[in-house]
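Single-structure report; data block below.
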Amino acid sequence: MRLPRFAAWFLIAAPCFAAPAMCQQKPVDPAKALEGFDDFVNQTIKDWHGAGAAVAIVRDDKVVLLKGYGFRDVEKKLPITPKSLFAIASITKSFTVTDLGMLFDEGKGSWDASVRSLFPAFKMYDPVLTEQMIVRDLVTHRSGLPRHDMVWYSSDFSRDDLIHRLQYLEPNRPLRSTFQYNNLMFMTAGYVAGLLDNKKWEDSLRARVLTPLAMNTTTFSLKELQASPDFALPYQKGHDLKAELKRMPFEATCPDTCALGPAGELNSNAEDMSHYLLFHMNKGMYEGKRLLSESNSSQMQTPQMTIAGAPDYPELGENGYGMGFFISTYRGHKRIEHGGNLDGFSSIFTFLPNEKIGVIVLTNLDGSPLPDVIAFNAIDRLLGADQIPWSKRFLDSEIAGKQSEADAKAKGYDLRKKDTHPSHDIKGYLGDYENPGYGIVSVAEETGGLLVKLNKLTFHMKHYHYDVFEVPYDPQDPFSKQKLEFFTDIAGDISSLSMPLEPRVKDILFTRMPDKQLTERSFIEPFTGQYEPPGDPTPLTIALRGDHTLVMSQPGEPERELLPRRGTTFNVKGLEGYSIEFKLDASGKVSEAVLYTPDTILIIKRK
């Protein structure tokens with residue numbers, strides 16, 4: 001329906017009637033507005049069974065609050081200070097975009113340049129994605145690739161190795177069609193920044209962003225964090241809201257410089273982050289000096305990609321993503337923000353650009369809405385608005401979820417098929433399985449089940465049903481109920497396994513690797529020699545090519561490589577369904593071989 005001209009004019013001329021939240025509000029004295037805020041924060045930490053929090057609040061161009069609450073070390077009762085270091089995790093993403101923007105300001109590339117033009121080795125699973133991906137796609141979560149986070153989280157792959165593995169990770173959406181949060185694409189963006197600056201991303205960021213903003217205590221690794229005289233330890237609370245707070249280990253896959261760095265490596269404190277907040281609230285200016293062009297700063301704070309889904313609460317607007325920032329509204333006011341979550345740490349960086357209100361909350365509590373609760377309350381106060389009971393809302397929601405889970409368990413709702421058993425003896429499942437993107441899964445036997453390792457992660461799995469195994473339920477284990485399924489080939493051997501590591505694509509398939517001994521010269525060299533096929537005077541020769549490869553040949557026939565499988569069995573390359581097994585006598589010498597074909601089984605004697 002089209003509005004009459006006078007109605008349209010009314011909405012433009014009188015926005016206070018149409019959208020009161022957009023109107024200029026009476027100035028609020030920050031000191032008066034924040035009376036009682038300390039008590040609120042301390043009580044909220046108790047309500048969430050947290051350890052503590054560091055908070056910085058900015059109004060206009062001034063830091064009006066910079067404090068620590070609670071403990072950075074609960075056991076030793078060491079207090080959090082404005083200088084206490086926390087892992088800020090994904091807030092790092094906006095730093096990577098800032099670094100790129102500064103490089104583009106110098107003419108070293110552009111947001112809309114193809115990634116391949118700046119990084120020729122870049123390669124995705126889909127050739128079309130490879131050629132059409134632009135830098136802007138990397139930093140707006142619209143690459144078509146779902147998260148595939150277990151590639152990096154489970155491993156110590158180098159940054160170069162992770163980028164190489166992108167070509168084996170399946171996308172699930174067309175380019176630029178859907179918002180899908182992706183850490184690996186941001187890692188790639190940081191890698192590109194390093195290439196453009198002719199140095200590592202860490203060095204580029206330090207020189208262009210951290211040093212000019214006087215973020216002198218911000219670090220790039222958990223190792224550096226723990227070497228600081230003032231850092232927060234990571235904690236988690238039990239599954240029950242009243243459960244005891246527990247110390248967590250620091251995130252195990254990145255003790256030193258992290259390969260995923262540009263997506264989530266930084267550690268910082270409330271004091272340093274207040275400088276960063278002022279910088280972005282002033283559109284790339286810091287202490288009167290322009291560090292990032294207003295154009296690139298504005299692009300970071302302007303929606304580039306819509307995010308489907310209605311907000312959970314009426315005070316929150318629809319979401320979009322700029323470049324390194326989420327963009328929404330809070331009580332009708334434009335809101336820029338990004339959270340950060342890493343093992344034992346949760347944080348929020350947020351500001352209302354038009355009202356010049358900004359808040360940073362860093363906490364040492366795993367996977368918690370505590371930072372949002374504190375930030376929303378600070379914003380409510382500085383807006384001069386009523387304080388919404390966010391803590392109660394989120395607590396009620398969490399309690400309802402846990403109660404529903406308990407009800408389902410009490411009623412016995414489960415997909416498990418009872419009274420089944422594995423198709424093979426337990427030893428038939430043991431070995432190594434590989435996926436070119438995700439790495440290696442190693443399966444070993446342990447008392448009562450399987451010991452499964454995915455790169456650096458370890459799972460203790462029990463039989464679930466049929467050929468499916470599962471990590472037993474444990475609310476403190478992030479991989480509780482993780483499942484694994486084995487598959488049998490036509491020969492009746494376990495040939496592969498799959499794990500649901502990325503829910504937006506089919507389960508990730510790992511193919512069984514050959515027994516290691518079948519690639520060792522000392523083990524396979526005794527198999528070489530001549531063999532007599534039945535009824536054929538022409539001998540079949542098994543020879544060694546190099547140190548690790550057996551080949552099979554007959555005069556007049558092409559030489560065929562033997563592909564290691566298991567035990568003393570090899571597949572014949574290029575002949576589907578053909579394999580050869582070398583048989584050992586009591587003394588351990590090869591006496592004969594068995595040739596398996598799709599329709600026959602032949603014994604071939606050794607000459």
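In what follows, residues are counted from 1 in the order of the sequence shown. Quantities reported herein were computed from a predicted structural model and do not represent experimental measurements.
Using cut-offs of 30° and 60° for the angle between ring planes, the Y321 and F186 rings count as perpendicular. Aromatic ring orientation, F479 versus Y153: tilted (interplanar angle from 30° to 60°).
Within the structure, side chain to side chain donor-acceptor pair (under 3.5 Å) pairs that include any residue of residues 362-372 do not occur (at least two apart or interchain). Residues in residues 82-107 take part in these salt bridge (Lys or Arg N to Asp or Glu O under 4.0 Å) pairs, two or more places apart or across chains: K83-E271, E106-K108, E106-R208. Within the structure, the ring-ring contact (aromatic ring centres under 6.0 Å, His included) test picks out the following pairs touching residues 55-95 (sequence neighbours left out): F95-Y276. Applying the ring-ring contact (aromatic ring centres under 6.0 Å, His included) rule to pairs touching residues 355-376 yields Y330-F376, F376-W390, sequence neighbours excluded.
In terms of modelled atom types and a separation under 3.5 Å, the side chain of Q226 and the main chain of L222 share a donor-acceptor contact. In terms of modelled atom types and a separation under 3.5 Å, the side chain of T98 and the main chain of S94 share a donor-acceptor contact. A donor-acceptor distance shorter than 3.5 angstrom exists from the side chain of R116 to the backbone of F122, with no hydrogens or angles considered. Between the side chain of T188 and the backbone N or O of L184, at least one donor-acceptor pair lies under 3.5 Å. The backbone N or O of F179 lies less than 3.5 Å from no partner atom in the side chain of R173, so there is not a single donor-acceptor pair. S328 contributes a side-chain N or O that, together with a main-chain N or O of E318, makes up a donor-acceptor pair within less than 3.5 Å.
Judged purely by distance below 3.5 Å, without hydrogens or angles, the side chains of S155 and N455 never pair a donor atom with an acceptor atom. Side-chain atoms of Q304 and R136 include a donor-acceptor pair closer than 3.5 Å. Side-chain contact annotation: D272 with T218, donor-acceptor N/O pair under 3.5 Å present. At a cut-off of 3.5 Å, with distance as the only test, no side-chain donor of D474 or S480 sits close to an acceptor on the other residue.
Atom CZ of R206 sits about 8.0 Å away from atom NZ of K200, to the nearest 0.5 Å. I88 contributes atom CD1, which lies 10.5 Å from atom CD of E265 (distance to the nearest 0.5 angstrom). Between the OG atom in S347 and the CG atom in N341 there is a gap of 6.5 Å [rounded to 0.5 Å]. Residue L213 holds its CG atom at 10.0 Å from CG of N216, rounded to the nearest 0.5 Å. Note that CG of L85 and OG1 of T217 are 5.5 Å apart. Values are rounded to the nearest 0.5 Å. Note that the CZ atom of R142 and the CE atom of M133 stand 10.0 Å from one another [nearest 0.5 Å].
For the pair H49/Y235, no side-chain contact is recorded, criterion being any heavy-atom separation below 4.5 Å from C-beta on. For the pair I360 and I91, the minimum side-chain heavy-atom distance is 4.5 Å or more. In this structure, the side chains of H333 and I357 stay at 4.5 Å or more apart for every pair of heavy atoms. Side-chain contact between T329 and R335: absent, with no pair of heavy atoms (C-beta onward) separated by less than 4.5 Å.
Every side-chain hydrogen bond (donor to acceptor under 3.5 Å, both in side chains) that S114 has, sequence neighbours left out, goes to S117. In this structure, the ring-ring contact (aromatic ring centres under 6.0 Å, His included) partners of F325, at least two apart in sequence or on a different chain, are H280, F349. By the ring-ring contact (aromatic ring centres under 6.0 Å, His included) test, H148 pairs with Y438, sequence neighbours left out. Taking the side-chain hydrogen bond (donor to acceptor under 3.5 Å, both in side chains) definition, one finds that N198 meets it with nothing, sequence neighbours left out. Qualifying ring-ring contact (aromatic ring centres under 6.0 Å, His included) partners for F37, counting only residues two or more places apart in sequence or in other chains: none. Scanning for side-chain hydrogen bond (donor to acceptor under 3.5 Å, both in side chains) contacts around Q236 gives Q476, with sequence neighbours left out. For E294, the side-chain hydrogen bond (donor to acceptor under 3.5 Å, both in side chains) criterion is met by no residue, not counting sequence neighbours.
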Next item on the list: Apply side-chain hydrogen bond (donor to acceptor under 3.5 Å, both in side chains) to the pair N269 and S84, showing each step before the final yes or no.
Entry: CA-CA 5 Å; N269 55 36; S84 298; over 6 Å; no
Notebook entry, point to check: Do Q387 and N377 pass the side-chain hydrogen bond (donor to acceptor under 3.5 Å, both in side chains) test, and can you show the C-alpha distance, the side-chain angles, and the key distance before you say yes or no?
Noted result: CA-CA 6 Å; Q387 295 172 36; N377 184 265; 3.1 Å; yes
Next item on the list: Would you check, one step at a time, whether the test side chain to side chain contact (heavy atoms under 4.5 Å, CB included) holds for R72 with D230?
Entry: CA-CA 8 Å; R72 61 186 178 91; D230 188 352; 3.1 Å; yes
Next item on the list: With side chain to side chain contact (heavy atoms under 4.5 Å, CB included) as the test, would you mind laying out the steps for L382 and L352 before giving the verdict?
Entry: CA-CA 11 Å; L382 291 175; L352 308 185; over 6 Å; no
Next item on the list: Determine, step by step, whether T219 and N267 satisfy the side-chain hydrogen bond (donor to acceptor under 3.5 Å, both in side chains) criterion, reporting the C-alpha distance in whole Å, the side-chain angles of both residues, the deciding distance to 0.1 Å, and the verdict.
Entry: CA-CA 5 Å; T219 71; N267 310 292; 3.0 Å; yes
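Smallest separation of non-hydrogen atoms from H338 and G324: CD2-O, 3.2 Å. The nearest pair of heavy atoms linking M215 to S268 is CE-OG, 3.9 Å. When all heavy atoms are compared, the tightest approach of I327 to M300 is CD1-O, 4.0 Å. Listed here is the closest heavy atom pair of Y286 and P212: CD2-O, 3.8 Å. Between A263 and M187, the shortest heavy-atom contact is CB-N, 4.2 Å.
Under 4.0 Å is where a charged nitrogen must lie from a carboxylate oxygen, and between K289 and E287 no such pair does. Comment: K481 does not engage E405 in a salt bridge, judged by the lack of any side-chain N to carboxylate O separation of less than 4.0 angstrom. Taking a cutoff of 4.0 Å between a charged side-chain nitrogen and a carboxylate oxygen, K62 and D60 do not qualify as a salt bridge. In this structure, D47 does not pair ionically with K392, as no charged nitrogen and carboxylate oxygen lie closer than 4.0 Å.
Cation-pi geometry between R165 and F157 is met: under 6.0 angstrom from the ring centre, within 45 degrees of the axis.
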Contacts under 3.5 angstrom, residues 306-314 side chains, donor-acceptor by atom type, not counting sequence neighbours:
none

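Partner of V58 under the side chain to side chain contact (heavy atoms under 4.5 Å, CB included) criterion, out of V64, L65, L278: L278 alone.
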